[in-house]
Amino acid sequence: MECGSVTRAAEKVNLSPGAVSMQIHALATELRTELFIRSGRRFLPTPAAVRLAAHAKDVVLRVRQIEQEFEADPTRDSRPFYFSTGATALIYRLGRPLRILRATYPDASIQLTVAATEATVQGLLERRFDLGLISLPYPEAGLKIIPLYEEELLILKPSRTPVRGGAVGVIDPSELEGVPFLLYPETSNMRPIIDNFFMACNVKPRVVMEADDTEAIKSLVEAGFGYAVIPEYAVKSRQQNFKAFRVPGNRMNRTQALAMPDTEYPRALTLSIARSLQVALGKAR
């Protein structure tokens, strides 16, 4: 239809004119209609061919869209990319790595969701997310895990006067007995790390409040509601109304990792972005 002749059409698709004529004849036989008629030296399309050509353009366009959807070249993958991460990592660790991603993949539509590890893993297993930044330990069934770095959990104690961020003192476990604590919920994967720490210190914490938002916990500590345990990067602000401590010889650590669905055919863009974040967060350490 586009070339106007069998010869030129054959050249375009790298076939012989005879092969193209045979395919046109086979297609006409299958559809039980005439597609082209000869008028002298001209090869004219019938109304049926015009209708079929309109359908064919839609089919070819859809096939190209499908090929792009499963494109092995990540720079040509234009589908939305869904990345999920916790709020603490987003605020304190992912600023520069995400800027690098935007520069590396300018055409990618990266959609960001802020969620706790539990919700991120659920989204990965349901294929709603392509990649997630999660905290370990966590059951790894159905996931491919890429460990990134370890992060210490510190004890926060309210302070009546502003304290310069970054300094970490030491505290004796006996000072933690009986004081009020604001902790992550029991459903959080952070809670077993904290509970095991208290058990090792022979301390039974007096939990007066639970919250799953690190920034909310920090604000409550600064307001004097109690002690808390939060990741070290969340306490490195310039000035704050709390002090950070660790117990000598009994540190709490969590591992931050990238997670993606464990599938036989991973998305090329997912693998490429995971490698970029692995390098960027490694440098950030």
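These numbers come from a predicted model, not from an experiment.
Of all the heavy atoms in L277 and L94, the pair that sits closest is CD2-CD2, 4.5 Å. Counting all heavy atoms, side chain and backbone alike, D130 lies closest to P261 at O-CD, 3.5 Å. Residues L101 and S276 share a closest heavy-atom pair of CD2-CB, 3.8 Å.
When each of F197, F225, Y227 is tested with F181 by the rule ring pair (Phe, Tyr, Trp, His ring centres under 6.0 Å), just one qualifies, namely Y227. Among T85, I146, L90, the single residue meeting the side chain to side chain contact (heavy atoms under 4.5 Å, CB included) criterion with L133 is T85.
For the 3.5 Å distance criterion, the side chains of Q111 and S109 qualify, holding a donor opposite an acceptor. Under 3.5 Å, the side chains of S135 and Q256 contain a donor-acceptor pair of N or O atoms. For the residue pair E126 and Q122, a side-chain donor N or O sits within less than 3.5 Å of a side-chain acceptor on the partner. Checked by atom type, the side-chain pair T120/S84 shows a donor-acceptor distance below 3.5 Å.
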### Task
Starting from the C-alpha separation in whole Å, work towards a yes-or-no answer on side-chain contact (heavy atoms from CB on, under 4.5 Å) for F129 and M260.
CA-CA 8 Å; F129 301 140; M260 65 185 74; over 6 Å; no
### Task
Run the numbers on E232 and L153 for side-chain contact (heavy atoms from CB on, under 4.5 Å), then give the verdict.
CA-CA 6 Å; E232 62 176 312; L153 305 181; over 6 Å; no
### Task
Decide side-chain contact (heavy atoms from CB on, under 4.5 Å) for R191 and V207; before the verdict, give the C-alpha distance in whole Å, the side-chain angles of both, and the deciding distance to 0.1 Å.
CA-CA 12 Å; R191 188 61 178 268; V207 183; 3.8 Å; yes
### Query
Step by step, would you call V60 with R62 a side-chain contact (heavy atoms from CB on, under 4.5 Å)?
CA-CA 5 Å; V60 170; R62 182 61 182 143; over 6 Å; no
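Judged by distance alone, with hydrogens and angles left aside, the side-chain atoms of D213 form a donor-acceptor pair with the main-chain N or O of A216 at under 3.5 Å. Not a single donor-acceptor pair under 3.5 Å links the side chain of E150 to the backbone N or O of T255. Looking at R79, its side chain never comes within 3.5 Å of a backbone N or O of A108 through a donor-acceptor pair. Not a single donor-acceptor pair under 3.5 Å links the side chain of T33 to the backbone N or O of A28. Using modelled atom types, no side-chain atom of D212 and backbone atom of Y184 make a donor-acceptor pair closer than 3.5 Å. A donor-acceptor pair under 3.5 Å is absent between the side-chain atoms of E151 and the main chain of R254, judged by distance alone. Put simply, the side chain of R251 never gets that close to the backbone of G249: no donor and acceptor are under 3.5 Å apart. A donor-acceptor pair under 3.5 Å links the side-chain atoms of Q240 to the main chain of V235, judged by distance alone. At distances below 3.5 Å, at least one donor-acceptor pair connects side-chain atoms of S16 with backbone N or O atoms of A19. Side-chain atoms of T270 never come within 3.5 Å of backbone atoms of P266 as a donor-acceptor pair (strictly under, hydrogens ignored).
Hydrophobic clustering, with ILVMFWY side chains joined whenever heavy atoms are under 4.5 angstrom apart, groups Y82 together with L143. Grouping the Ile, Leu, Val, Met, Phe, Trp and Tyr side chains by contacts below 4.5 angstrom, directly or via other members, places M190 with V203. Residues I145 and L281 do not share a hydrophobic cluster, defined by chaining ILVMFWY side chains whose heavy atoms lie under 4.5 Å apart. Hydrophobic clustering of Ile, Leu, Val, Met, Phe, Trp and Tyr side chains at less than 4.5 Å, counting indirect connections, unites Y138 with L125. L98 and L269 fall within a single hydrophobic cluster, where Ile, Leu, Val, Met, Phe, Trp and Tyr are joined by side-chain heavy atoms under 4.5 Å apart, directly or via other members.
I110 has its side chain within reach of R102: a pair of non-hydrogen atoms, C-beta onward, lies under 4.5 Å apart. Residues F245 and L154 fail the side-chain proximity criterion, which asks for heavy atoms closer than 4.5 Å. Residues V229 and L183 are in side-chain contact: their nearest non-hydrogen atoms beyond the backbone lie under 4.5 Å apart.
Counting heavy atoms of neighbouring residues, nucleotides and ligands inside a 6.0 Å radius, atom CD of E215 exceeds 12 of them. When the shell of 6.0 Å around CE of M22 is examined, it contains 12 or fewer heavy atoms from other residues, nucleotides or ligands. Dense packing is recorded around CZ of R127, with more than 12 heavy atoms of other residues, nucleotides or ligands lying under 6.0 Å away.
Under the 4.0 Å criterion applied to side-chain N and carboxylate O atoms, E177 and K204 are not assigned as salt-bridge partners. Between K12 and E2, at least one side-chain N (NZ, or NE/NH1/NH2) sits under 4.0 Å from a carboxylate O, which counts as a salt bridge.
I100 pairs by the side-chain contact (heavy atoms from CB on, under 4.5 Å) definition with R96, T104, A280, not counting sequence neighbours.
Through direct or relayed side-chain contacts under 4.5 Å between Ile, Leu, Val, Met, Phe, Trp and Tyr, L35 connects to M1, V6, V13, L15, V20, I24, L27, L31, F36, F43, V50, L52.
Figure legend: cation-pi geometry between R93 and Y149, with NZ or CZ positioned under 6.0 Å from the six-membered ring centre and within 45° of its axis.
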